[in-house]
Amino acid sequence: QVQLVESGGGLVQAGGSLRLSCAASGRRRIDDWGWYRQAPGKDRELVASITSDGVTNYANFAWGRFTISRDNARNTVYLQMDNLQPEDTAVYYCNAGRLVGPVERVERYEYWGQGTQVTVSS
């Protein structure tokens with residue numbers, strides 16, 4: 001079992017920055033990571049993701065402002081968020097995926113963090 005512990009959320013003024021961290025317990029390799037967010041009354045949405053090869057993907061609203069990175073030695077993923085705006089206010093969740101099994105029958109095990117609140121004031 002993998003447990004994810006998030007940190008780094010908080011209150012920031014518009015234009016400010018925050019850096020979220022998410023660390024996975026144990027030594028099980030994490031293949032892919034993702035950051036999601038959920039604002040009140042809205043569905044959870046992808047913010048950014050990064051594969052085991054370091055290939056990144058961003059939601060349109062995150063391009064140019066957010067940066068996802070990973071530290072495999074620490075089994076940790078980060079989300080650097082710059083130029084934050086009030087519409088970025090949400091609970092941010094990290095997601096970790098592990099690919100298990102042979103290539104022809106690979107399964108993806110998924111884990112979620114508890115969420116960290118990000119509030120951006122205008």
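These numbers were taken from a predicted model, which means no experiment stands behind them. Counting from 1, the numbers follow the sequence of the chain as shown.
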Salt bridge flag under 4.0 Å for residues Arg108 and Glu110: yes
Which residue pairs satisfy the side chain to side chain donor-acceptor pair (under 3.5 Å) criterion with at least one member in residues 47-57, sequence neighbours excluded? none
Atom of [X], atom of [Y] and distance for their closest heavy-atom approach:
X	Y	value
Val47	Ala62	O-CB, 3.8 Å
Gly113	Leu4	N-CD1, 3.7 Å
Gly115	Tyr93	CA-CD2, 3.5 Å
Ile50	Val77	CG2-CG2, 4.3 Å

Can you name the salt bridge (charged side-chain N to carboxylate O under 4.0 Å, His left out) partners of Glu87, sequence neighbours left out? none
CZ of Arg28: more than 12 outside heavy atoms within 6.0 angstrom? no
Tyr78 OH to Trp33 CH2 distance, which is reported to the nearest 0.5 Å: 9.5 Å
Side-chain heavy-atom pair [X], [Y] within 4.5 angstrom cut-off:
X	Y	value
Val100	Val106	no
Arg98	Val2	yes
Trp35	Leu46	no

Are any side-chain N or O atoms of [X] and backbone N or O atoms of [Y], one a donor and one an acceptor, separated by less than 3.5 Å?
X	Y	answer
Asn72	Asn75	no
Arg65	Phe61	yes
Glu107	Gly101	no
Arg70	Ile30	yes
Tyr58	Ile68	yes
Thr116	Gly9	yes

For Arg29, side-chain hydrogen bond (donor to acceptor under 3.5 Å, both in side chains) partners two or more places apart: Asp31
Gln85: partners by side-chain hydrogen bond (donor to acceptor under 3.5 Å, both in side chains), with sequence neighbours left out: Asn83
side-chain contact (heavy atoms from CB on, under 4.5 Å), that's the test. Do Gln114 and Glu6 meet it? Break it down for me. CA-CA 7 Å; Gln114 79 283 3; Glu6 303 173 15; 3.8 Å; yes
Taken in chain and number order and not counting sequence neighbours, the residues that satisfy ring-ring contact (aromatic ring centres under 6.0 Å, His included) with Tyr36 are Trp112
Under a 4.5 Å side-chain heavy-atom rule over Ile, Leu, Val, Met, Phe, Trp and Tyr, are Trp63 and Leu84 clustered together? yes
Listing, residues 10-25 side-chain donor-acceptor contacts under 3.5 Å, not counting sequence neighbours, or none:
unit_1	atom_1	unit_2	atom_2	d
Ser17	OG	Asp82	OD1	2.8
Ser25	OG	Gln3	N	2.9
Ser25	OG	Gln3	O	3.4

Using only heavy-atom distances, determine whether the side chains of Tyr92 and Arg37 contain a donor-acceptor pair under 3.5 Å. yes
